[in-house]
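Numbered from 1 within each chain, the chains take letters A, B, ... in sequence-line order.
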Amino acid sequence: QQQVKQSPQSLIVQKGGISIINCAYENTAFDYFPWYQQFPGKGPALLIAIRPDVSEKKEGRFTISFNKSAKQFSLHIMDSQPGDSATYFCAASLAIGGSQGNLIFGKGTKLSVKP
Amino acid sequence: DGGITQSPKYLFRKEGQNVTLSCEQNLNHDAMYWYRQDPGQGLRLIYYSQIVNDFQKGDIAEGYSVSREKKESFPLTVTSAQKNPTAFYLCASSMIAGGLNEQFFGPGTRLTVL
């Protein structure tokens with residue numbers, strides 16, 4: 001019930017291509033879905049997040065698509081650049097305060113963008 | 001310059017020794033968290049604190065201990081009871097606990113048991 005499953009584990013994309021990372025969750029009560037980006041040797045940083053009241057959110061080259069009925073959400077990186085090479089984590093939680101709002105993270109996807 | 005600092009960056013420990021990882025934040029955040037990161041395992045919650053002098057166990061608290069005596073500090077002790085302590089440890093904070101509150105992460109401490 002509390003798992004977030006992320007795929008693929010690793011991804012290699014050519015510069016200018018589209019990177020797609022998928023996540024699936026089990027707990028239908030989850031209503032906050034952030035994506036974090038982590039560069040090697042650094043801590044993760046929030047990239048973009050979505051609530052289930054919208055099916056898509058776009059910020060620059062990064063887009064989250066959300067499918068509530070399928071309990072799935074995905075990150076699309078358009079025009080991928082070598083500087084996007086990092087590990088990406090999806091997460092899910094309840095959009096409420098306190099311990100019930102703790103983030104549940106996927107296992108991560110290591111993205112490599114080849115020049 | 002606001003943020004979260006963790007020290008040391010690298011830490012080596014002999015088996016059977018306790019070791020304490022430091023986490024300090026100057027963001028005036030109430031909530032703080034400790035995560036463990038292993039290759040291919042994502043981030044797993046060890047302990048979290050919603051407010052000073054209060055903390056709760058996360059998913060993998062066995063072999064770890066914490067304290068929250070000051071708002072800005074949340075040290076993690078890895079005890080000799082932790083069977084496999086070699087990992088990358090991340091500290092995070094948020095304005096208040098949970099939900100929509102963005103978690104800000106420190107740069108991490110890589111612990112290696114020799």
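Heavy-atom pairs under 4.5 Å with chain A were tallied for B/Asp38, B/Asp59, B/Leu90; the largest tally goes to B/Leu90. Comparing B/Gln6, B/Lys9, B/Gln41 by heavy-atom pairs within less than 4.5 Å of chain A, the highest count is held by B/Gln41. The most heavy-atom pairs under 4.5 Å with chain B, out of A/Pro44, A/Ser10, A/Ala45, come from A/Pro44. When A/Leu103, A/Asp31, A/Ile104 are compared by the number of non-hydrogen pairs under 4.5 Å with chain B, A/Leu103 comes out ahead.
Neither the backbone nor the side chain of A/Gln6 has a heavy atom closer than 4.5 Å to any heavy atom of chain B. For B/Phe88, the part lying near chain A is the side chain, with the backbone staying farther off; criterion is any non-hydrogen pair under 4.5 Å. Looking at A/Pro34, there are no atoms closer than 4.5 Å to chain B (heavy atoms on both sides), in backbone or side chain.
When every heavy atom of B/Gln103 is checked against every heavy atom of A/Tyr36, the shortest pair comes out as N-OH, 3.3 Å.
Within a 6.0 Å sphere centred on CD of A/Gln9, other residues, nucleotides and ligands contribute 12 heavy atoms or fewer. Annotation: A/Lys42, atom NZ; neighbour count of heavy atoms from other residues, nucleotides and ligands within 6.0 Å does not exceed 12. Under a cut-off of 6.0 angstrom, the local environment of CD in B/Gln17 is crowded, with over 12 non-hydrogen atoms contributed by other residues, nucleotides or ligands.
B/Tyr33 and B/Ile46 are members of different hydrophobic clusters when ILVMFWY side chains are connected at heavy-atom separations under 4.5 Å. Under the 4.5 Å side-chain heavy-atom criterion for grouping Ile, Leu, Val, Met, Phe, Trp and Tyr, B/Tyr35 is not connected to B/Tyr89 through any hydrophobic cluster. Hydrophobic cluster membership is shared by A/Tyr25 and A/Ile64, with clusters built from Ile, Leu, Val, Met, Phe, Trp and Tyr side chains linked at under 4.5 angstrom. Clustering ILVMFWY residues whenever any of their side-chain heavy atoms sit less than 4.5 angstrom apart, transitively, puts A/Ile20 in a cluster other than the one holding A/Leu47.
Put simply, the side chain of B/Gln56 does not reach to within 4.5 Å of the side chain of A/Asn102, judged on heavy atoms. Residues A/Phe105 and B/Gln37 fail the side-chain proximity criterion, which asks for heavy atoms closer than 4.5 Å.
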